[in-house]
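Just so it is clear, the model here is predicted, and its values are computed rather than measured.
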Amino acid sequence: MKKLVIALMVLALVTSAVFANGAAEAGAGKKTVLNIMSFTDEVPGMVTKYFEMHPEEAAKYEVKTTIIATTDGLYQPALDEALKAGGAEAPDIYCAESAFVLKYAQGDMADYAATYKSLGIDVDKLVKSADIAQYTIDIGSRKGELVALGYQATGGAFIYNRTAAKKAFGTDDPAVVAEKIGAGTNSWDKFFETAAEIRKKGVAIVSGDGDIWHAVENSSDKGWIVDGKLYIDPKREAFIDLSKKLKDGDFHNDTRDWQEGWFADMKQAGAKPVLGFYGPAWLINYTIGQNCGDTYGDWGVCAPNIGFFWGGTWVFANKDTKNADIVAKIIKWITLDDSDTGLQYFWANGTLNGEGGTKDCVASGTVMAKSNGELDFLKGQNMFDVFVPANQYANGKNLTQYDETINTYWRDQVRQYTAGTKTREQAIKDFKTQVADNLDVIVE
């Protein structure tokens with residue numbers, strides 16, 4: 001019954017888009033179907049833009065888009081089924097996000113991905129010309145061959161509230177805030193020293209333990225799985241103690257990320273004003289900026305104490321696509337074109353849909369170098385000055401195909417420990433049991 005419900009939901013979420021820009025209208029002759037599968041409308045929107053810019057190509061293709069949100073775990077099973085089934089309905093282009101991208105790039109479903117070179121893309125030349133962030137290459141490579149790249153760069157920084165900084169330090173200077181959190185130290189020592197200092201002034205250093213989790217997770221030396229066995233990297237294990245220290249020290253507002261209290265803290269409407277949040281540029285654009293209320297324009301960004309990345313979308317081509325030529329052109333335009341008419345230039349400068357759009361960090365260092373990252377949200381500060389260096393510290397070699405699931409188990413057990421309902425030892429034991437019971441992973 002569950003499979004039937006999922007199948008019906010997937011069917012309901014399939015949409016068809018025919019490009020009607022004068023050159024290609026429905027019924028204007030038989031066109032080749034191009035199937036796109038994603039979990040958001042971002043990449044489908046990029047494909048739309050590509051065809052708008054290339055009407056001669058639009059006349060040849062009918063684009064069918066399937067968008068299935070990752071909520072409730074529906075996207076991956078649907079994508080897996082579509083890839084395995086093959087045929088005319090299989091996706092020509094499909095997407096995966098950082099939480100499960102390794103499954104499709106290097107894991108159980110990796111054999112369905114075409115290498116970019118097999119599509120005829122001059123990978124070596126274009127990667128060098130575009131100066132693509134290395135971590136995105138590491139994540140999207142299978143046995144040394146690129147099978148996926150992202151268009152965003154999601155290196156993380158510390159995004160802070162200027163009024164809270166003035167209350168805490170007497171200044172909102174990014175250099176001062178960076179020094180106070182221990183920027184570049186690769187340590188949490190200075191961060192917690194400052195947390196204790198500013199608590200006396202009624203300021204929480206972060207909203208909840210989720211605000212440091214991604215910095216911990218993606219700065220670890222190894223991933224959750226090593227040689228087929230569960231491995232708890234010392235840096236990830238340390239999160240259980242860092243979380244407890246935040247809780248016991250009353251250094252945060254004890255919120256859970258993506259829930260009401262977390263969003264309230266972006267408005268500075270929580271129990272205590274919050275100094276800041278760890279995250280990439282998209283956290284500014286699509287989360288804090290959308291939930292900050294009257295604090296818009298009262299924010300800054302500085303280098304973090306720990307280098308990390310968080311999130312991102314990688315673009316794949318099906319090795320069995322019958323449309324390799326157009327697939328190659330689209331993927332190259334999205335991921336490797338560093339010209340002023342490439343997707344990444346539009347994305348970085350907020351001009352994909354005209355002037356005044358949302359600016360974001362992109363994978364191409366070449367594009368970032370010629371783009372303007374000044375934001376009103378940041379009181380005119382150029383975010384690229386901080387995020388471009390941050391991308392160089394991101395590590396793409398500690399992901400596994402099970403990260404989404406294992407991270408959920410780990411953070412839930414940590415939360416129970418910090419709440420006092422379990423001992424540290426029991427939380428770790430229960431975490432291991434969850435992994436052993438639910439995943440094809442050896443647990444010792």
Side-chain angles (χ1 to χ4, degrees), residues 133 152-185 190-191 194 198 203-207 211-212 214-215 265-268 273-311 344-352 355-394:
Q152 289 173 300
T154 57
F158 188 65
I159 305 158
Y160 67 92
N161 180 265
R162 291 179 181 273
T163 295
K166 288 176 182 176
K167 182 174 182 180
F169 312 126
T171 178
D172 63 351
D173 185 339
V176 173
V177 179
E179 188 276 329
K180 286 291 187 179
I181 65 168
T185 62
K190 183 66 175 178
F191 171 90
T194 295
I198 67 176
V203 178
I205 196 162
V206 289
S207 179
D211 292 307
I212 70 167
H214 296 287
D265 278 346
M266 295 173 187
K267 299 180 178 70
Q268 299 297 322
V274 169
L275 180 63
F277 301 80
Y278 285 89
W282 64 255
L283 191 71
I284 290 175
N285 294 329
Y286 309 112
T287 308
I288 303 177
Q290 301 295 319
N291 292 282
C292 66
D294 294 337
T295 72
Y296 192 94
D298 190 33
W299 294 81
V301 63
C302 69
N305 50 312
I306 302 287
F308 70 102
F309 81 96
W310 176 12
Q344 293 196 46
Y345 185 83
F346 293 141
W347 203 251
N349 292 280
T351 56
L352 183 63
E355 295 292 335
T358 301
K359 298 177 181 179
D360 206 344
C361 291
V362 294
S364 169
T366 302
V367 169
M368 294 287 282
K370 59 181 178 180
S371 299
N372 182 345
E374 294 177 357
L375 295 183
D376 290 341
F377 174 85
L378 298 175
K379 203 174 181 180
Q381 185 182 0
N382 189 330
M383 67 173 175
F384 295 165
D385 291 344
V386 177
F387 284 115
V388 170
N391 294 329
Q392 305 306 315
Y393 294 105

Any idea which heavy atoms bring [X] and [Y] closest together, and the distance?
| X | Y | answer |
| --- | --- | --- |
| N291 | K267 | O-CG, 2.9 Å |
| A348 | V367 | CB-CG1, 4.1 Å |
| A215 | I306 | O-CG2, 3.5 Å |
| D172 | A165 | CA-CB, 4.1 Å |
| K359 | N285 | O-ND2, 2.5 Å |
| I159 | I288 | CG2-CD1, 3.9 Å |

(message) Ring-plane angle category for W310 and H214, please: parallel below 30°, perpendicular beyond 60°, tilted otherwise.
(response) parallel
(request) May I ask you to decide if P273's main-chain N or O and Q268's side chain share a donor-acceptor pair within less than 3.5 Å? (result) no
(message) Among residues at least two apart in sequence or on other chains, which ones pass ring pair (Phe, Tyr, Trp, His ring centres under 6.0 Å) with Y286?
(response) none
(request) Could you list the residues that satisfy ring pair (Phe, Tyr, Trp, His ring centres under 6.0 Å) with F384, not counting sequence neighbours? (result) none
(message) Is a donor from one side chain sitting under 3.5 angstrom from an acceptor on the other, for D298 and Y160?
(response) no
When you compare the side chain of [Y] with that of [X], does any pair of heavy atoms fall below 4.5 Å?
| X | Y | result |
| --- | --- | --- |
| V206 | L275 | no |
| C292 | F377 | yes |
| N161 | V274 | no |
| F158 | V301 | no |
| S207 | F277 | yes |

Who pairs with [X] by side-chain contact (heavy atoms from CB on, under 4.5 Å), at least two apart in sequence or on another chain?
| X | result |
| --- | --- |
| A390 | none |
| K180 | F169, V176, T194, E197 |
| E179 | K190 |

(message) Listing request: all side chain to side chain donor-acceptor pair (under 3.5 Å) pairs with a residue in residues 369-390, at least two apart in sequence or in separate chains.
(response) R162-Q381, D340-K370, N349-S371
(request) Determine the sole option in V362, I284, D360 for which the side chain to side chain contact (heavy atoms under 4.5 Å, CB included) test with F387 is passed. (result) I284
How many angstroms lie between [atom1] in [X] and [atom2] in [Y], if you round to the nearest 0.5 Å?
| X | Y | atom1 | atom2 | answer |
| --- | --- | --- | --- | --- |
| Y296 | L378 | OH | CG | 8.5 Å |
| K166 | T171 | NZ | OG1 | 8.0 Å |
| Y278 | D211 | OH | CG | 9.5 Å |
| F191 | I212 | CZ | CD1 | 6.0 Å |

(message) Assess the residue pair C361 and Q152 against the criterion (side-chain contact (heavy atoms from CB on, under 4.5 Å)); give the C-alpha distance rounded to whole Å, side-chain angles, the decisive distance to 0.1 Å, and a yes or no.
(response) CA-CA 6 Å; C361 291; Q152 289 173 300; over 6 Å; no
